[in-house]
Each structure stands twice: as structure tokens, then as C-alpha cells.
Amino acid sequence: MRTSSEKKLLVAMLVAIVAGGVAGYFQGPAMQSVAWLGTLFLTALKMLIVPLVAASVITGVAGLGDVRRLGRMGGYAVAYYACTTLFAVSIGLLMANLWQPGVGVSLSAGAHAPPVTVGDIGIPDLILSLVHPNIIAAAADMKLLPIIVFCIAFAAALSTLGERGRPVIVFFDGLNDAMMKLVEWIMWFAPIGVFALIASKLGAAGGGEAFVAQLAGLGKYALAVISGLLTHAVLLCVLLTFLARRSAFEYLRHMATALMTAFSTASSSATLPLTLEGVKMAGVDEKARRFVLPLGATVNMDGTALYEAVAVLFIAQAYGIDLSFGQQMLVLITATMAAIGAAGIPEAGLVTMVIVLEAVGLPLEGIGLLLAIDWFLDRCRTTVNVFGDSVGAAVVGRMLAGESRAAAP
Ligand code: ASP
């Protein structure tokens, strides 16, 4: 996409977000009549995800040439995901201790909320979720993690085949380019989709007055989450500047469409096509972005991890339970796991939070206290999730480039 088109789209997206907010605020539930336009946009994005993830990961890994480099790129990516997620949870813990959002909250606020149910999510379940007995069924159900694992193994196998593997790699390269072309086309519909998603969601939540009342009820909690997310976003900008050696401002400009889409859809997976396009426009190393972004959209969720830490401490404070330093360290580890286990879909973090609550022995019904405002905070944390993935691609890209320079004669 050319720079002038990028600028036009950016302005249109900004106008759409503001207009969607204003329409939803004043028109309330009536705006649900435009919800179908948002669904159309979201469905069009989702339609691209499986072929795009497959083509992107296969060409990203095969492009490394030597399978041994996969280990290094994977190592950089995992180290980045682990460090930034732990940072995010630490910021969440800090904010919750600082703001004490749950102190004095009435427990009756969540009494009528439906119970949150979740299957088993332990370490064995996380590991088992990496494989699927039927890759076609995984694709049909949009289970991205087993698809990514399969594609990494498939690409590694292809790159050991030499000339015989070439036509298959060329095929997936073409598929990837064609999918990215479709992303560019769909992007032109993004402002209408974003407008409809925001207006209809705010409308469904009862319009402006109801939203303000929800915010006021859980104001301190929302402030703790949002100030934590902003702090983490600043930290990511610092990583961009010093580790990836990029201007944070420039990078944010390229990523703006994806970030606004993340805010409107509350889904990092649905946003992935636009994240790939934004990082491409920012000129991040091709192999890094093709591999790091699909994996990041599925497992790297800084915003979710941070939010889980604040939410769990909020629940403890509301129930008048004091969590010791040791228990807060347990929150650090389990919130990291819960964020990895959360799918890139709306309100997934609310469900995987059960892991953290169970680990520190807090009542699961506490989740009911957070439900009223979760639809909004989900959007904020998804935006940070997507930004964290994109910064990861830039950092890993820079490390790979540094290696190539060092290896050059
Ligand atoms: N909605 C988030 C995402 O897609 C996950 C969450 O619920 O925190 O990234």
C-alpha cells in the first residue's frame, strides 16, 4: 500500500472510531441495526486467517533456508514473549497494589452474573493443545496453535528436501502474496466495519449513559487496568527504540489501522491479517514477521496477562482476602500461563483467569464482579496484545539481521 493511501485510510479509521463512539453513545440500542456491517468486516477478516497463517508460517520458516536457524528465531521469539509477558503481569500487580481497586466494592454487584465455566487448563492441557489429530478439523474450528505447529514442522521438512521442496515453497509464497492482496482490499472496508462494530457494541451495552454508569461502578478497576496497559505500551515503545532500533512514532503510524481494528473487534486473531500488513508496511524483516506474528497472535498476550493480574487482585481485595508476596508470585506465573492459554478471541482472558483464581484459592464467582465492564477492557487489552506481537516481530527481525551482518565476511 502506498503512503498516501495509508494516510487516507488512517484518517478514515480515526473518523470511524469517533463517529462510532458518538453514534453508540447517543443512539444506544438503535445502533444494533448496523451490527451486520461489523459482522461482515469481521467475517471477511476471519475468512483469511487459516490460509494466511498457513502460508505465512510455511514461507517464513522455509525462507530461513537452514532449519538450524529456526531454532534461533524460535528462541528469540519465545524469549521475547516470556520476558514481555512477565513484565506485563508485574505492571498489573504493581497497579493493583497501588490503586487497590477492589477495596470497598460491594460483592452483590456480581451476584446475578452467570457462572463462568471452563474445562481443565493445566500445563499438560496447554501442551496437548499444540497438536490436533486432524489438521483439517483444526482448520475448520480455527484452532490456530496446532495449525502453526504443523506448518512449522511441514516447512522444516520441506527445507530438507532441496530442489524437490522448491515448488511447494513457491506455491505457498504465491498463496501468501494473494492473501495479502485480499487483506489490502478488505482494509478499504475497515472504516465502515469499525464504525459499525463500535456503534453497535456501545449500543448493545445500553448506550452512553449506561456505559458511564458501568464505568463509574468499576472506575478504579478500569483505571488500574488502563493505566497498566498504557505503561506497558510505553515499555514496548522503549523496546522498539532500543532493541529494534526503530522510531516508535513511525512504527505506531504503520500499525494504527491494525491497532484500531484490534480495539473494535476485541480479537487478535481476527486482526492478524491487518497486523501482518502493518508490520509489512513498517518494513520488518520478512521471515521474522511471517513466523513471529501468527505465533504471537495465538500465544503472546501482554494485555491479557496484565489484566488478569489486576482482575485477580481486584477480586481478592473485594473479598477482603490479603494475598501474600508468595501468592502474588504465583499470580505472576499462572497469569502468564493463563494468557498463553487464552485464544485470540473476545473475552477469552476472562475464562482462562480461572487458572489464576484456582491457584491462589479465590472464589471463581468473583469473575461475576468484572463482567459489566469486560467488553470494554477486552478491547483495550487486545490492542496492547496486537502491539506487543508487532513489536516482537520488529525485535526478532532486528536480531536476525544482526546475526546475518555478523556472519557476513
Ligand atoms: N480478546 C483478547 C484477544 O483477542 C483475549 C482476551 O480476552 O484477553 O487478544
Side-chain angles (χ1 to χ4, degrees), residues 38 41-43 45-46 48-49 52-53 81 84-85 88-89 91-92 95 116-118 121 126 129 141-145 148 193-194 197-198 201 205 221-222 224-226 228-229 232-233 236 255 258-276 278 292-312 314-315 331 334-357 367 370-393:
F41 173 55
L42 203 58
T43 312
L45 284 178
K46 285 186 185 164
L48 306 185
I49 294 175
L52 191 55
V53 164
Y81 297 154
T84 49
T85 308
V89 186
I91 294 173
M95 291 300 166
V116 173
T117 49
V118 66
I121 325 175
L126 280 182
S129 70
D141 291 342
M142 271 220 219
K143 291 207 163 93
L144 294 187
L145 210 47
I148 292 173
V194 161
L197 284 168
I198 291 198
K201 188 68 208 184
Y221 162 65
V225 174
I226 292 171
L229 291 174
H232 190 71
L236 291 173
M255 287 307 300
L259 296 180
M260 287 189 261
T261 305
F263 183 78
S264 333
T265 59
S267 167
S268 0
S269 298
T271 309
L272 179 61
L274 299 183
T275 317
L276 278 160
V292 174
L293 286 178
L295 190 61
T298 326
V299 300
N300 180 47
M301 302 210 178
D302 297 355
T304 301
L306 187 151
Y307 141 87
E308 302 219 357
V310 179
V312 167
F314 168 84
I315 292 172
V331 172
T334 47
T336 303
M337 266 174 57
I340 294 173
I345 55 173
E347 302 196 89
L350 193 68
V351 179
T352 61
M353 199 198 305
V354 170
I355 302 180
V356 193
L357 291 173
I367 293 182
L370 316 167
L371 289 182
I373 196 72
D374 200 66
W375 68 271
F376 177 69
L377 294 182
D378 190 12
R379 282 144 207 274
C380 304
R381 63 183 187 255
T382 307
T383 311
V384 172
N385 287 346
V386 168
F387 188 45
D389 298 338
S390 72
V391 174

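Whatever order the structure lists ligands and atoms in, that order sets their numbers, starting from 1.
In this structure the side chain of M255 reaches within 4.5 angstrom of the side chain of T275, judged on heavy atoms. Side-chain contact between S269 and M142 is absent, with no heavy atoms from C-beta onward closer than 4.5 Å.
Protein residues with a heavy atom closer than 4.0 Å to ligand 1 are A266, S267, S268, M301, T304, A343, G344, I345, P346, E347, A348, G349, D378, R381, T382, N385, listed by chain and number.
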Please assess D374 against Y307 for the test side chain to side chain donor-acceptor pair (under 3.5 Å), listing each intermediate value before the final yes or no. CA-CA 10 Å; D374 200 66; Y307 141 87; 3.1 Å; yes
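In this view, Y81 satisfies the ring pair (Phe, Tyr, Trp, His ring centres under 6.0 Å) rule with no residue, not counting sequence neighbours. Under the rule for a side chain to side chain contact (heavy atoms under 4.5 Å, CB included), the partners of S129 that lie at least two apart in sequence or sit in another chain are L145. By the ring pair (Phe, Tyr, Trp, His ring centres under 6.0 Å) test, F41 is found to be paired with no residue, residues two or more places apart in sequence or in another chain being considered.
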